[in-house]
Every structure is written in structure tokens, then in C-alpha cells.
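Here the structure is laid out as C-alpha cells; the discussion comes afterwards.
Remember, it's a predicted structure, so these values are computed and weren't measured experimentally.
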Amino acid sequence: MFAGDVSATAPVIDPVPVVLDAESWAQLSAGLEQRMRLLDALYADLYGPRTVLSADVAPVEELLQDPAYLRTAVGIPSRGSHHLFAISSTVARTAEGTWVVLEDSVDVPDGAGTTLELRRVLSRCAPTLYRSTALRRLHPYFDTLRTALHQRTRSDGRAGRTVVLTEDTEDPLRAFDHSWLANLLGAPIVSAGDLRTGSGALTLRLPGRDSDPGDAVDALVRLVPSQLVDPLDLGPTPLGGVTGLVEAARCGDVEVFNPLGAGLLENPHLRDALPDLCRQLLHEDLLLRPAAPGAVEAGWLGLDPAGGDALVERPARLRLLVTSTEDGFDVLPGGVAVTADDGPEALKDVWVAVPRSAAADAAQSAEAPTTPFGALAAYPAMTRSVGSDLFWFGRYLERVDSTARLLRTMLDSVNDLDSEGGPTARTAQAVLLGAVTEVTTTYPGFPAVDLHDRETVRTEIESLLTDRGRPGSLAQSYAALAHTTRTLRDLISDDVWPVIARMNQRLRALAGHDAAPLEQGLTEIVDGCLTLSGAVADSMPRNLAWDLTEVGRKIERASSLLALLRAVLGRRRSHAVEARTSAAVALITEAGASYRRAYHAAVQPELLLELLLADTTLPRSIAFQMDRLGLALDRLPEVEPTPELRAPLTALRSRLGAWDPQEMLRPLAAEEGPVGGATGAGAAVAGGAPTALLEEVDAAMDSLRELATALENRYFRPSESTSRWGIDDV
């Protein structure tokens, strides 16, 4: 669940579930459905005729003073028979066996995604127990919910488009829960900047083109507090909001779930008055009442937080979700239980048991309704912020992979050269270490380090591996990858999370005192990148999302390769030194086998450069990157030709096509000098005669930067084009 978060501590999960028998669940779910009916009726009245305010039952003064009472939301229509879409209630069972309600979350209900994830954890950790237990499954509920949402938003013979509005949050559990809910609903996640209003309609800002009538949003699942969604009608907010959203909802062109102002129903004084309001509005006695003062909560079996194998009883509070359907209201048959004692907080799954004799009937009756024949599927729109995240996901994935390969090869080569000694070995070592600094842009780096001091070299290597606060380090690049992956939970396969988790654990282990050899850890990082690439390639549809990811990867790989060639081959040195350093480049680029088959000779700089420039079949060659980059750019949506995208790539291809390896690597001067003007011992050893490759690579990198900037400006929001989680060294 938290594999993509590099800072948050994962919650403790108690594998012993809270088990509710069928009778207890029937009592509890009936009370929750009644509570949903009551709150829905209250919302309709408070934002409609407001008859309860004229009675003696409601806490009128407290309601009118509540900032959650949004007067601008009064009179907004609802397309369905219900106003509320979902609520989540926290309940507990007292020692006497009575269910009580502790609080309701109505404005921003949560818990759906966490519930499903806890169930997946337990079903995989104890599959035999899970299979052999007759309990209510969760997916039929979400199938029913998705169908109900589809029917509510469908209009004019087409499927309505639903989006999920979220905000950046520092709470990883909440962010995960929201992204899982969007995934379950089959709706894209958007931020406030992805939406805009005009003529009463709400539309998406799509990558690379202005919105048109086909981009209209019919329903907005709001996972942001009501007060933060519209700065025009509700006042300025840190979130920014969607200017005109209240007016769009009032016009009936978009329906907001939960409706604006639903947070008023969380008023504690209103909660205390619910028993009397239930008799007034529903003419029924309230089934689930607030907890009495001094009530003792019942315990549930679970693991002893102090350790040991014995089960102990711990009080727990259940977070349960209720949603509206076409026929009424339904309760998710499960939830999240949180221990509520002095011990460390633990999460528990909630199982609803089904009598074995009724298990088959229950399974049959739980089948989700099918989508009516002829219903049109909604167009899978993509917003600019999601497009930007996909682009940067591709870049960060490639950056982690190339950095890990570079560091691994450097360590292997340096280990060999360390045992040799002599000027050739020292020079080759300095060149490779200097290349690490130049490719990762982690200056001053190795050129300023005394390479004879092994402790200083070791310190610099460990910093490159583990310092998350150092731009360009492997740890920082991984942190950026993990963060971007989290923002794409609804687009990326679930199979990536175990890979992300293993990579995270390995990077943390590299900084430990009992860490495995660095070479072994880097190999596992490279393996993780390969697995992650395969999982994405095997699961992501070949649509705009794939193309944006591909463009990001190819730009980053081309940049890394050009920087590597500049650092290692940009200056001429002795044949013995170049033999060592060129072999390292062949190893990093996976070009060794292709080189041997093509040339049947020892690795030479000119031949290696020729291979990397011309071989379109080599996945890590420059030629391969240019071909795939051109194809991906051709597939990007364009209303009209965009020369600012084509010109940099055309110029880059023309420049690379004119490169002659012999001429590029011919020394420009006989004198030798330190690389980049550095003055450390490493720079003095690694000097060499400069070649034309230095200036040519700089010009090629300028074209790549121009292309990356044009992509950002064309398809993403320019003000947010550069992620705060990484550095744009392209």
C-alpha cells in the first residue's frame, strides 16, 4: 500500500479480522441505511425549504453559525432521487452488545480503498483461510456502485463522464484511499487546475489542445472539502479551486458528489439531535444512537501488541461506508477497524460472515447488474497534470535505471583497477568516477576528490547512493519516481507495487551498517527497473498515456547516453586507458555483444561510437532513441501542426546524422587539461586532449532541452511543468 511512499511509516496491520455474524451485520447495516436516509433528508431540507429550522428540534443557532453551512449551495438540484452519494460512519459496539455511532464523515467520506487493500492483504497472506470462510465479498458492491453511478450520469443517449477531484495531501493513507476509490469507479483523478467552467458547463483541460463540447464533465466525485472548491462563490482558498463550479452545479450541467455543503451534517450538535429529527422527518426511531457518556467499548480478538502468540481482546472502532444506489442505499459488507486502546494503533479487516447454508444463495444474489445493452462508454480523457506525471514517470524510471547501471559498472571497473595500480589504472579510474559526476550532475563530485583517499571516495559513493536530499543522486531519483508513481495509481498496474517496495527496501538497506555489497544492491535496483518496465509495458494501453511515458523515457535515455559519451570519449587519452573506459561504456549501454558480432575486435572508441550512432536495433543506442522518439511524437494529439515540437527533433537528427566517429574523436589540441576546469586530484589525473565531441554533444543536449521544454509548454501546464520532486537536467 505504501510502497510508493519513501517517508511514511506503513501502518501496523493486525491479521486477525473483526468478524461479524449475519445477525449482527443485519442489525448494523439496517441502522446505517436508516442513518443515510435521515442525513439525505436533512440535506434536502437544510438546502431546500429549511423546515427543520422552524421547529424546536434542530439546533438552529449552532447550524446557522456553522461555516460548513454554505448558503450559495441552497437550491442546487439533484438528478437522482437522493442528494448524498456516500457517507462513512465510525461505529463501536459497547460491552452490553449495543452498536453506537461515534462520528460521520459526510463532506469527504473515505475508507473504500483502504477496505479493499486490507482484504487483499489478508487474502494473500492467508489464502486457505480466506477461501474456506463463507463471507461477503467486496467486489460485487463496487460493481453495483459503478453501475448506479453510470445510470445517474447517463444522459442524451451517451455515457456520462465522471471524474474524481482530489487534493495534494501529506497523509499517504488518505491519498491511497482516494486513488483506489477512483480506480474502483473507473474515473480519472483530477486536480482543480485540470478543470474549468464556461457557459455553465464544467470541462477538462486536455493535454495540448483547448477543451471542446466533447470534453464536458457530467459528474464530479468530490474528495476535497466543500469550502475549497470554488474561489468565486466560496472565497479564496489555498487549493485554488474551480472558478464557477457552484454556478455549473446550479445550472444542472454537472452533479457534484457529495453535494456542496454536506459538511454541515457533521455538526456535533446536529448529531446529538438526530434521534428527535429522525422521528420528525422519517417518523421512525433512530436505530443507531450516539455513545452514552462513560460507555465501555467491547473488545475484539487480535494480536497482543506487547508480543507473543496469544490473542487478546482490544477495543476497536469500525469505519463503514454507505452509498446510494438506484433502489435506495447499500452498505459495503466490510470496512476498516482501528484499535482504540493505549497500545500502538493497528488496522483490522472487517469480515461479514454468511451462513454456510445461505452462502450459495448470497453469492448468486450479489451478482452485479450488467450495463444496459447499447450504453456508450465514456471517452477516457486525460488531464494535463496526469499527462505531466506520465511524462515525468518515464523520465524518472529511466533516470533511476541509468544511474544504477552507471554506478554498478563504475564500482565493478574501479574494483578491478584498484587491484592493478599504475598510471593507466589510476587515469581510467578517474575518468569513470568523473563520468559519474558529469552524467548525474552531482557537482563538485569526484573531480574535486582526492582519489588516493579511499575513505573520501567511499563517502562520495555512499552519498550518491543514499542521500535523498542531493539532486541527481540515486536515492533522490528514486524518491521522485516513487512519488510520481503514487500519483498514477489509477493508471498503473497493481503489479508494480511489490517491485517499488523491494526497490525502496534495498535503497534503505544500502545505508545500513550491515548492508550487503553495494554492487549486489545496485544489481537489485537494475532488476527492479527491468521488472517495472516490463510491468508497465505489459499492462498500459497503447494510448496517449503510453506515448507520453515513452517520450519521457526516450528523452531521458538519450540525454544520459550523450552525457556519458561526452564524459568518457570527449577527450583522447592513451590506448590503454581508452580500452578500459570504452569497455565500461559498452557494458553500461548493453552494447558489448552487438559490438563483438559487428566488429570482431577489441572495443575501440571510434567503432563503439559508430555502433551507438547507427544501430537502430540496439535498445540503448542513440539511433534507437531517435526513431522511437519520433514515432511517439507523431502519435501525440495535435489540432494543428506544431513546429516547435518538430524543429528540435529535426535539428537533433540532422546533427547526429552528420557525426563522423573519426572526426568527432580527433584531438583538437595536443595539450591536456583538467575536465571542466576542476582543480581536484581526480581532475588532474583524468585530463586529456579535447575533441569535437564535447561541443557537438553540448549542442545536441541543447536540442533535447528545447524539445523537452516545448513538450511541457504544449501539453502540460507551464507553471507546473517542472516537478518539485526532481531536477530537469535535460
Looking at every heavy atom in both [X] and [Y], which two are closest together, and how far apart are they?
X: Leu569; Y: Leu665; answer: O-CD2, 3.4 Å
X: Trp659; Y: Glu696; answer: NE1-OE1, 2.7 Å
X: Pro690; Y: Arg571; answer: CD-NH1, 3.8 Å
X: Glu578; Y: Pro605; answer: OE1-CG, 3.6 Å
X: Leu562; Y: Val697; answer: O-CG1, 3.5 Å
X: Gly445; Y: Glu460; answer: CA-OE2, 3.4 Å

[X] side chain vs [Y] backbone, donor-acceptor pair below 3.5 Å:
X: Thr589; Y: Val585; result: yes
X: Ser179; Y: Phe176; result: yes
X: Thr581; Y: Val568; result: no
X: Ser621; Y: Leu618; result: yes
X: Asp194; Y: Thr383; result: no
X: Asn713; Y: Thr709; result: yes
X: Gln625; Y: Pro619; result: yes
X: Ser123; Y: Arg120; result: yes
X: Arg470; Y: Thr442; result: yes
X: Tyr478; Y: Ser473; result: no

Less than 4.5 Å apart, side chain to side chain, heavy atoms only: is that true for [X] and [Y]?
X: Ile555; Y: Leu711; answer: yes
X: Val229; Y: Arg222; answer: yes
X: Leu707; Y: Leu633; answer: yes
X: Val164; Y: Pro188; answer: no
X: Tyr595; Y: Leu607; answer: yes
X: Leu631; Y: Asp547; answer: no
X: Thr485; Y: Tyr396; answer: no
X: Leu195; Y: Val190; answer: yes

How many angstroms lie between atom [atom1] of [X] and atom [atom2] of [Y], to the nearest 0.5 angstrom?
X: Leu488; Y: Leu390; atom1: CG; atom2: CG; result: 5.0 Å
X: Thr484; Y: Leu397; atom1: OG1; atom2: CG; result: 10.5 Å
X: Leu565; Y: Ile622; atom1: CG; atom2: CD1; result: 5.0 Å
X: Met540; Y: Glu550; atom1: CE; atom2: CD; result: 9.5 Å
X: Leu185; Y: His150; atom1: CG; atom2: NE2; result: 13.5 Å
X: Leu564; Y: Leu612; atom1: CG; atom2: CG; result: 9.0 Å

Got a salt bridge between [X] and [Y], using NZ or NE/NH1/NH2 to carboxylate O under 4.0 Å?
X: Glu398; Y: Arg620; result: yes
X: Arg174; Y: Asp177; result: no
X: Asp412; Y: Arg408; result: no
X: Asp218; Y: Arg161; result: no
X: Arg566; Y: Glu438; result: yes
X: Glu524; Y: Arg502; result: no
X: Glu590; Y: Arg405; result: yes

Under 6.0 Å from the [atom1] atom of [X], do we count more than 12 heavy atoms belonging to anything else shown?
X: Arg646; atom1: CZ; value: yes
X: Glu695; atom1: CD; value: no
X: Arg580; atom1: CZ; value: no

Inset, instruction - Might you work through the side chain to side chain contact (heavy atoms under 4.5 Å, CB included) test for Leu149 and Leu145, ending with a clear yes or no? - result: CA-CA 6 Å; Leu149 183 62; Leu145 177 63; 5.7 Å; no
Inset, instruction - Examine the side chains of Asp389 and Thr487 and answer whether a donor and an acceptor come within less than 3.5 Å of each other. - result: yes
Legend entry - Distance-only donor-acceptor check, side chains Thr440 and Arg399, under 3.5 Å: no
Legend entry - side-chain hydrogen bond (donor to acceptor under 3.5 Å, both in side chains) contacts touching residues 607-619 (sequence neighbours left out): Tyr599-Glu610, Asp615-Thr617
Legend entry - Plane angle bin for Phe142 and His139 - parallel if under 30°, tilted between 30 and 60°, otherwise perpendicular: perpendicular
Inset, instruction - Take Leu245 and Leu202, measure what side chain to side chain contact (heavy atoms under 4.5 Å, CB included) needs, and give me the verdict at the end. - result: CA-CA 7 Å; Leu245 178 61; Leu202 181 68; 3.9 Å; yes
Legend entry - Stepwise side-chain hydrogen bond (donor to acceptor under 3.5 Å, both in side chains) test for Glu712 and Trp392: CA-CA 10 Å; Glu712 295 271 3; Trp392 280 100; 3.0 Å; yes
Legend entry - Ser559/Arg705 under side-chain hydrogen bond (donor to acceptor under 3.5 Å, both in side chains): CA gap, chis, key distance, verdict: CA-CA 9 Å; Ser559 169; Arg705 292 190 187 94; over 6 Å; no
Inset, instruction - I would like to know whether Arg653 and Leu649 meet side chain to side chain contact (heavy atoms under 4.5 Å, CB included); could you show each step before the answer? - result: CA-CA 6 Å; Arg653 280 176 160 169; Leu649 183 61; 4.3 Å; yes
Legend entry - Criterion side chain to side chain contact (heavy atoms under 4.5 Å, CB included) on Phe257 and Leu220, from CA distance to verdict: CA-CA 6 Å; Phe257 305 121; Leu220 181 73; over 6 Å; no
Inset, instruction - Could you tell me which residues satisfy side chain to side chain contact (heavy atoms under 4.5 Å, CB included) with Ser493, sequence neighbours excluded, listed by chain and number? - result: Asp495, Ser539
